[in-house]
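Contents: one structure, followed by commentary.
First listed ligand is number 1; within each ligand, the first listed atom is number 1. Note that the structure is a prediction, hence the values are computed from the model and not measured.
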Amino acid sequence: MKTILQTCDLTKKYKDATVVNGVNIHIEKGEVYGFIGQNGAGKTTSIRLILNLLNPTGGHVELFGEKVTNQNIYKHLKKIGSIIEIPGFYSNLSGQENLEIHRVLMNVKDKAEINRVLELVNLKDEKNKKVKNYSLGMKQRLGIARAMLHDPDFLILDEPTNGLDPKGIVEVRDLIVEIAKNHGKTIFVSSHILAEVEKMVSKIGILHRGRLLEEIDKQEFQNKSKKQSIYKVSDVNESMKLIQKQFNINQMTVDGDMLIVKNSDEHMNGLITKLLVENNITVKESKVVTPSLEEFFIKLTEESGEAI
Ligand SMILES: Nc1ncnc2c1ncn2[C@@H]1O[C@H](COP(=O)(O)OP(=O)(O)O)[C@@H](O)[C@H]1O
Ligand SMILES: [Mg+2]
């Protein structure tokens with residue numbers, strides 16, 4: 001695997017406030033990395049640091065396996081496409097004209113590239129409309145087209161689904177998945193809403209108050225959101241023994257008089273409840289829950305020891 005981005009103890013302070021605090025982000029080639037954190041968590045500041053638009057107070061950034069310096073940054077930026085916050089355009093010019101300006105700026109020789117990216121983001125039919133008449137979703141897609149124009153290896157998209165209606169969110173999400181899958185790009189996408197990016201990412205990094213609390217891959221976070229059964233019983237220890245013996249299940253945790261059996265769906269729940277009752281355990285409550293990633297996220301931020 002090739003490392004595309006590594007931040008090493010990246011830190012940014014403004015006076016007394018540490019906005020980005022010792023952040024170590026790790027992204028491999030081909031990954032779609034969701035950078036999740038509430039408003040004010042430090043996502044945009046991190047992105048500005050990664051793109052060398054801001055100088056860090058501490059730590060450094062490595063792009064494509066090389067430590068970034070003021071001398072080599074342009075070489076790396078040529079391989080990166082980005083959108084930070086809301087993409088800015090000349091609103092009196094058309095989508096196509098805006099891309100033409102960017103094409104010249106980025107020294108992209110082939111004019112046909114404009115049509116290629118317009119097609120990619122499904123804006124070909126609206127390319128002659130002035131940008132001021134574009135919806136927010138269309139502007140976001142035009143922003144992605146612009147970021148893709150010089151055919152970069154790595155895309156950095158700051159909150160591309162922010163403020164979009166549900167249809168717009170799906171369009172941008174499908175587009176990002178398509179770009180990652182069929183165009184072989186590595187994508188770093190930030191959002192303050194986990195549910196908006198959950199479906200498209202292969203890895204998530206959770207940023208809370210400037211600190212990266214956890215970086216986990218999709219498999220891992222899917223396991224964490226598997227169904228589990230919860231029982232309120234008269235004898236927790238006896239229940240555990242019975243379940244272990246009968247079903248060979250070892251993934252259980254106890255919380256007071258509650259027994260939590262991991263990875264247990266409705267069918268398993270029925271079998272376990274029957275077993276307990278048949279063995280004279282009083283089952284006061286029995287339910288199946290699916291912890292959402294949102295819950296996982298909230299739990300993590302609570303565990304970080306700071307009030308949200
Ligand atoms: N130039 C600046 N001076 C002082 N504080 C700043 C500056 N830029 C950002 N901040 C603060 O840093 C924090 C993180 O901001 P930001 O990176 O924009 O968060 P996010 O993108 O996650 O919403 C916020 O509290 C913001 O007010
Ligand atoms: Mg931001």
SB check Lys127 Glu100 (cutoff 4.0 Å) | no
Using a distance-only test with no angle check, is there a side-chain donor-acceptor pair under 3.5 angstrom linking Asp158 and Ser190?
-> yes
Tell me yes or no: between the side chains of Asn107 and Lys109, is some donor less than 3.5 Å from an acceptor?
-> yes
Please state whether the rings of Phe188 and Tyr33 are parallel, tilted or perpendicular, taking 30° and 60° as the class boundaries.
-> parallel
Which residues satisfy the ring-ring contact (aromatic ring centres under 6.0 Å, His included) test with His76, sequence neighbours excluded?
-> Phe64
Near the Mg ion (ligand 2) (cut-off under 2.8 Å), count of protein N, O or S atoms | 1
Any idea which residues sit under 4.0 Å from ligand 1, heavy-atom distances?
-> Tyr14, Val19, Gln38, Asn39, Gly40, Ala41, Gly42, Lys43, Thr44, Thr45
So does Lys185 pair up with Asp151, basic N to acidic O under 4.0 Å?
-> yes
Could you tell me which residues satisfy side-chain hydrogen bond (donor to acceptor under 3.5 Å, both in side chains) with Glu62, sequence neighbours excluded, listed by chain and number?
-> His60
Flag the pair Glu28 and Lys203 as a salt bridge only when some basic side-chain nitrogen lies within less than 4.0 angstrom of an acidic carboxylate oxygen.
-> no
Classify the side-chain pair His192/Gln38 by whether it contains a donor and acceptor separated by less than 3.5 Å.
-> no
